[in-house]
Amino acid sequence: MSQLFSKYALRQLALVGMAFSLGACTLGPDYQRPALPMAAEFKQAEGWKVANPADVLERGDWWRLYGDVALDALVGRLNVSNQNLAAAEAQYRQARALVMGARSQLFPSVGSSAGATRAGQGSSTSSTALTGSSFSGISESYSVGLDATWELDIWGRLRRNLEANRSNMQATAADVAAVRLSLQSELVQTYLRLRVMDEQQRLLNQTVEAFARSLRLTENQYRAGIVPKSDVTQALTQLRSTEAQAIDLQWQRAQMEHAIAVLIGVPPAELNIAELDEIPELPTVPLALPSQLLERRPDIASAERQVIAANAQIGVAEAAWYPDLTLSASGGYRNSSFSDLISLPNRFWSLGPQLAATLLDFGGRRADLEAAEANYDLTVANYRQTVLDSFREVEDNLVQLRVLAAEAVVQRQALEAAQESLRLIQNQYRAGTVDFLSVATVQTSALNNERTYLTLLGDQLAASVQLIAALGGGWEEAQLDFEPLLETPER
């Protein structure tokens, strides 16, 4: 630029820009967090451990609480290959690009141009009667130059727009974290229920073997004339019914395995989850305070960033009432001969401000401002509702886990009583004091009680996952102060 503009022009441009920049203001209200309905503690929190900075949830990989290596590997694959997560990550990159575009508007825009023109009029040669001379009707023109424009952000419109775009980017980053947490929660719940189903399958298989032995015993007793034929048919009915229950679990397990395959981004045919001999233990979940949910849940962070963006848009709408000031500058060289184009006599330059304002729009700007204010009220209402929903989710899972724990104690007692009753009735049957129908009834009761206990354990594990997710998993709002380290999903 120093070769194109005079020192005087550059000095004037800098002075004008600095003067207006120093005197610039930012219209619109500065953000303040809306008042929220907040409780000091959770209603259902009695007996729970309160979270502290040393707790495992602060470290992010919350699913490791269940101590299952296979589960850890599946969640790792989900973080990389899930397609819903890939879509959310792409939306974040789109929002980040909008921030870069909004930031660029704060600085001058510089362009360049070069051109060559050849023009003609009339014939190529002509003569006059007086002079007898001739002239050419073709002319040539060459030019090269630079131009710059700079919209001075006097009223803060561009800064408010950047603030809105930055807040939207942070909201989208929080959305990515919310999607990831939701998908992780779904995978962990499905995996744990699959493990409980494997335990039920082992129980049914063992029961089938026991019932098969019971059928052989009854058949031997029938052949010996000790028991009637009805005992044999009753034993056979019980055996086949239990075999059918064992077979029924196969399609349920297969569908859970298919669901996990889709979550980790592979076709169901490519995933086989081997059976394990044990169920993960129910972990101790440290509890955050209600106020900490504002920093621990990504959906709350996203909702608040949307409020901040809507608040900034009010400033953008207010700035429309004031004139825009744009500084323009251009310079270069222009001549009819290309050979000596770059020379001092052929230089040209221009510098000047342009002030533009809307004088009459028949309520257009007022409508835009009212729309921005209404959108702000909308985001505030959504933010408050998100906070209320988060409190409800935590309370729901706290009471569910507490009730399930009490229910598990009673169900365990019922199971032990059923097993003891089965032992006694089997001894009586061997002694010939009761018929097989009594044995079958007690056997069915014991099996149902054991399956109910396993189902209850699965419900407890699922509720613990839901509580961890309701508490925000291992996510923290401070992560939004930096550019999120998003894993690149497989394409």
Side-chain angles (χ1 to χ4, degrees), residues 44 48 57 62-75 78 181-208 242 244-264 268 271-285 393-419 444-471 473:
Q44 306 294 338
W48 285 85
L57 290 184
W62 56 269
W63 55 89
R64 297 185 184 276
L65 285 171
Y66 297 92
D68 192 305
V69 177
L71 175 60
D72 297 343
L74 289 172
V75 176
L78 178 146
L181 177 60
S182 176
L183 293 170
Q184 290 170 347
S185 173
E186 182 181 353
L187 186 147
V188 174
Q189 290 183 68
T190 305
Y191 178 86
L192 293 175
R193 289 196 179 278
L194 184 144
R195 290 303 179 206
V196 171
M197 188 168 293
D198 285 345
E199 186 64 28
Q200 289 186 336
Q201 186 72 62
R202 284 190 291 273
L203 170 64
L204 288 172
N205 292 340
Q206 294 170 1
T207 304
V208 166
T242 307
Q245 295 179 44
I247 294 172
D248 185 69
L249 288 182
Q250 295 177 9
W251 69 265
Q252 299 181 44
R253 187 189 192 278
Q255 288 189 351
M256 289 187 178
E257 196 174 64
H258 300 166
I260 293 175
V262 172
L263 285 171
I264 64 174
L271 179 67
N272 291 298
I273 300 178
E275 295 184 10
L276 297 179
D277 296 333
E278 58 183 10
I279 302 175
E281 295 184 1
L282 188 68
T284 299
V285 181
E393 290 176 7
V394 175
E395 297 280 14
D396 286 350
N397 289 292
L398 284 174
V399 69
Q400 183 180 11
L401 276 172
R402 190 178 72 243
V403 172
L404 288 176
E407 185 181 353
V409 172
V410 177
Q411 183 60 42
R412 183 65 188 176
Q413 294 172 350
L415 174 59
E416 293 172 352
Q419 291 172 339
T444 301
S445 176
L447 175 61
N448 290 338
N449 274 279
E450 191 154 4
R451 291 196 67 182
T452 300
Y453 182 74
L454 289 175
T455 300
L456 186 58
L457 176 58
D459 291 341
Q460 285 182 289
L461 288 169
S464 70
V465 175
Q466 294 167 6
L467 176 59
I468 294 173
L471 293 171

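Since we're looking at a predicted model, the values are computed, not measured.
- A donor-acceptor pair is defined here as one N or O able to donate and one able to accept, closer than 3.5 Å; no such pair exists between the side chain of Q189 and the backbone of V465.
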Legend entry - R193 vs D198, salt bridge (charged side-chain N to carboxylate O under 4.0 Å, His left out): CA-CA, chis, key distance, verdict: CA-CA 9 Å; R193 289 196 179 278; D198 285 345; over 6 Å; no
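- Atom CD of E275 and atom CG of L194 lie 8.5 Å apart (nearest 0.5 Å).
- Distance check: I247 CD1 to L204 CG gives 10.5 Å after rounding to the nearest 0.5 Å.
- Side-chain atoms of Q201 come within 3.5 Å of backbone atoms of A246 as a donor-acceptor pair (strictly under, hydrogens ignored).
- For the atom pair T190 OG1 and Q255 CD, the distance stands at 11.5 Å (nearest 0.5 Å).
- A distance of 10.0 Å separates CD of Q245 from CD of Q200, quoted to the nearest 0.5 Å.
- Residue L467 comes nearest to L398 through the heavy atom pair CD2-CD2, 4.0 Å, listed as atom of the first residue, atom of the second, then distance.
- In plain terms, the two heavy atoms of N449 and A414 that are nearest each other are OD1-CB, 3.6 Å.
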Legend entry - CA sep, side-chain torsions, deciding dist, call: L263, Y191, side-chain contact (heavy atoms from CB on, under 4.5 Å): CA-CA 11 Å; L263 285 171; Y191 178 86; over 6 Å; no
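- For the pair W63 and L71, the tightest heavy-atom approach, listed with the atom from each and the gap, is O-CD2, 4.1 Å.
- In this structure a side-chain-to-backbone donor-acceptor pair under 3.5 Å is present from T452 to N448.
- The pair D277-R195 fails the salt-bridge criterion, with no side-chain N (NZ, NE, NH1 or NH2) lying under 4.0 Å from an Asp/Glu carboxylate O.
- In this structure, the separation between CD1 on I264 and CG on L271 is 4.5 Å, given to the nearest 0.5 Å.
- Closest approach of Y66 and P283 over heavy atoms only: CE2-CD, 3.4 Å.
- Q460 pairs with exactly one of T455, V196, L282, L192 by the side chain to side chain contact (heavy atoms under 4.5 Å, CB included) rule, that one being L282.
- Looking only at atom types and distance, the side chain of E393 has no donor-acceptor partner in the side chain of N397 under 3.5 Å away.
- P268 and H258 get closest at one heavy-atom pair: CB-CD2, 3.7 Å.
- When the shell of 6.0 Å around CD of E281 is examined, it contains 12 or fewer heavy atoms from other residues, nucleotides or ligands.
- Residues D248 and Q252 have side chains that bring a donor and an acceptor to within less than 3.5 angstrom of each other.
- Checking D68, V69, V188, L187 one by one against L74, the side chain to side chain contact (heavy atoms under 4.5 Å, CB included) holds for a single residue, L187.
- Between the CD1 atom of I279 and the CE atom of M197 there is a distance of 11.5 Å, given to the nearest 0.5 Å.
- Annotation: side chain of V75 is not in contact with side chain of R64 (no heavy-atom distance under 4.5 Å).
- Of all non-hydrogen atoms in A463 and L404, the two that sit nearest each other are CB-CD1, 4.3 Å.
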